[in-house]
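Presented below is the structure to which this report refers.
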Protein chains: 2
Amino acid sequence: MSEQVVRKVRLTPERIATAAIELADRDGIEALTIRALADHLGTKPMTLYHHVAGKEALLDLMVDRIFAEMEAPPEDLPWREAIIRRCQSTREVLVRHPWSVPLLESRSTPGPELLRHHESMLATLDRGGLPLPLMAHAYAILDSFVFGFALEEATLPAQGGEGMADVAEEIAAAFDAEAYPQLVRLTVDHVMQPGYSFGSSFEVGLGIILDGLEAARGPGADA
Amino acid sequence: MSEQVVRKVRLTPERIATAAIELADRDGIEALTIRALADHLGTKPMTLYHHVAGKEALLDLMVDRIFAEMEAPPEDLPWREAIIRRCQSTREVLVRHPWSVPLLESRSTPGPELLRHHESMLATLDRGGLPLPLMAHAYAILDSFVFGFALEEATLPAQGGEGMADVAEEIAAAFDAEAYPQLVRLTVDHVMQPGYSFGSSFEVGLGIILDGLEAARGPGADA
DNA sequence: CCTATCACTCGTACTAAGTACGAATGATCA
DNA sequence: TGATCATTCGTACTTAGTACGAGTGATAGG
């Protein structure tokens, strides 16, 4: 049970947050306790409190680090590509840390990395020539979609194409085909088919939204 | 502190879940403890365990009841209107119970009402004449957007138009205008303006997505 | 009418987890 | 060398979920 990793480096809030993310990735967010984290760091619970104000503060730190993982696309990319890149990166990060998705939005105090993330998204939209009101819409819509998608993806049983098909099969068997005909049809005739990938809807959705935004902007300049 | 509501009716899982939702609405999800719930129901903690297997099971019940609140649109409505109606209803429910959004997606065991909700959404899409693969995309995209939007909305400081402007003002003051120019510009020149409403992006986003889906369906090409 | 059953109620207490308090330890600098 | 201060951590308090088993009241069969 105890892992007693020997600590060689000095404790810092950043290092603690990093270790906490490791633990959450490995054992799930519900297994992330102060005691387990201390153990993982080769120290004792109360020691952590000299670097972090409490568990809530720790969660805030973790969230900010998650945002830090989302990379800003290079500025020389065309507007549309840049947005796609950033959204993909965001999704990848959230897939890597599925436990974080409900957390991200339940924290009320925004950290610097969160602000940076938003800022760079807005800057890219600005480069696309969107007027302010449309920019606000674009921002809200894209963010909602990306996080919403990640939210669904995070709770999907298994995201590997095959593993998911298996699960879907079980579900379909448990379903009452009369009570839920569409659900069963979708599952059996589509989801369980080889080559199905839930993730492909991400690209499609993103494309639809970007098309709509460009149409709303009109024939503006691109760069 | 103790509220000691006199209980007149027999305890049932449904009634317990309803009371739990009331409590969560009023005091927040973190204040929903078994003890507080028992108090609210005029009974004792262990009594609840004869009707509900545990707190996890209680949360499952609550989630299913939340889904039950989302109303299916009348079948005679045109396809597009029906989708909009359902999505609006979903959003309204989630705004009414903001604490539930992270919960909804973190539960892995789907209840009957959740299945019903999905089924009716799919049925409406089917009425729209979407072929199966496009239907799957439409479903994933719409759900992601609606829940993602609700997720953001749930964590927004205040959704009343004015209250939010106040908060935005504070935030803008705290911001470093040099570090986050776009964020500040958006906040000051748009969000803080009278008449701004975050929620309006919902309609816009929904419209864009539906336009895109119709376009994809239209001439016969699909994705 | 009496009593056995059973669903329901609840008092007690155990466990896990966050964290307050203050002592011990060790490094830095005058 | 000794004082200061950051860090570490042992102990213990608190809250919350819930296991265990005793009480209690309504109902059904004799």
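Hydrogens, waters and symmetry mates are skipped; everything else that's a heavy atom, side chains included, is used. Just so we're clear, the structure is a prediction, and the values are computed from it rather than from any experiment. Just so we're on the same page: letters track the sequence lines, and every chain starts at 1.
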Distance-only side-chain donor-acceptor flag, Arg86(B) / Thr124(B), under 3.5 Å: no

Where each residue is assigned the nucleotide of DNA chain D containing its nearest heavy atom, which of Glu30(B) and Met46(B) is assigned the position nearer the 5′ end? Glu30(B)

Do any pairs count as a salt bridge (Lys or Arg N to Asp or Glu O under 4.0 Å) and have a residue in residues 181-196 of chain A, sequence neighbours left out, and if so which ones? Arg185(A)-Asp126(B)

Integer-rounded Å distance: dT18(D) C1' and Ile16(B) CD1: 15 Å

Please output the side-chain donor-acceptor pairs of residues 55-64 of chain B that fall under 3.5 Å, not counting sequence neighbours, one pair per line with the distance.
unit_1, atom_1, unit_2, atom_2, d
Lys55(B), NZ, Leu32(B), O, 2.7
Glu56(B), OE1, Arg107(B), NH1, 3.2
Glu56(B), OE1, Arg107(B), NH2, 3.2
Asp60(B), OD1, Arg107(B), NH1, 3.4
Asp60(B), OD2, Thr109(B), OG1, 3.1
Asp64(B), OD1, Glu113(B), N, 3.1
Asp64(B), OD1, Leu114(B), N, 3.2
Asp64(B), OD2, Glu113(B), N, 3.1

Protein-nucleotide distance (Ile34(B), atom CD1; dA19(D), atom C1'), rounded to Å: 14 Å

Quick one: Arg15(B) CZ to dC8(C) P, roughly how many Å, whole number? 12 Å

What is the separation between atom CD on Glu56(A) and atom P on dA17(C), rounded to the nearest whole Å? 16 Å

Side chain of Arg35(B) (C-beta onward), nearest among dA17(C), dT18(D), dT8(D): dT18(D)

Would you tell me if any nitrogen or oxygen in the side chain of His51(B) comes within less than 4.0 Å of OP1 or OP2 on dA7(C)? no

Between Pro45(B) and Leu32(A), name the one whose nearest nucleotide on DNA chain C is closer to the 5' end. Pro45(B)

Side-chain N or O of Thr43(A) less than 4.0 angstrom from OP1 or OP2 on dC9(D)? yes

Any donor-acceptor N or O pair under 3.5 Å, side chains His97(A), Glu69(A): yes

Nearest-Å distance for atom pair CG/P, residues Leu37(B) and dG17(D): 10 Å

Comparing Gly54(B) with His50(B), nearest DNA chain D nucleotide closer to 5' gives the residue Gly54(B)

Please report the distance, rounded to the nearest Å, between NZ in Lys44(A) and C1' in dT19(C). 17 Å

Could you work out which one of dT8(D), dA13(C), dC10(C) sits closest to the side chain of Thr47(B)? dC10(C)

Just checking, Arg91(A) and Phe202(A): is the charged tip under 6.0 Å from the six-membered ring centre and within 45° of the axis? yes

Quick check on dA17(C): is either OP1 or OP2 less than 4.0 Å from any side-chain nitrogen or oxygen of Thr33(A)? no

On the nucleotide dG17(D), are OP1 or OP2 found under 4.0 Å from the side-chain N or O atoms that Lys55(B) carries? yes

Measure the distance from CG on Asp39(B) to C1' on dT9(C) and round it to the nearest whole Å. 15 Å

Between P on dA27(C) and CG on Leu11(A), what's the gap in Å once rounded to a whole number? 15 Å

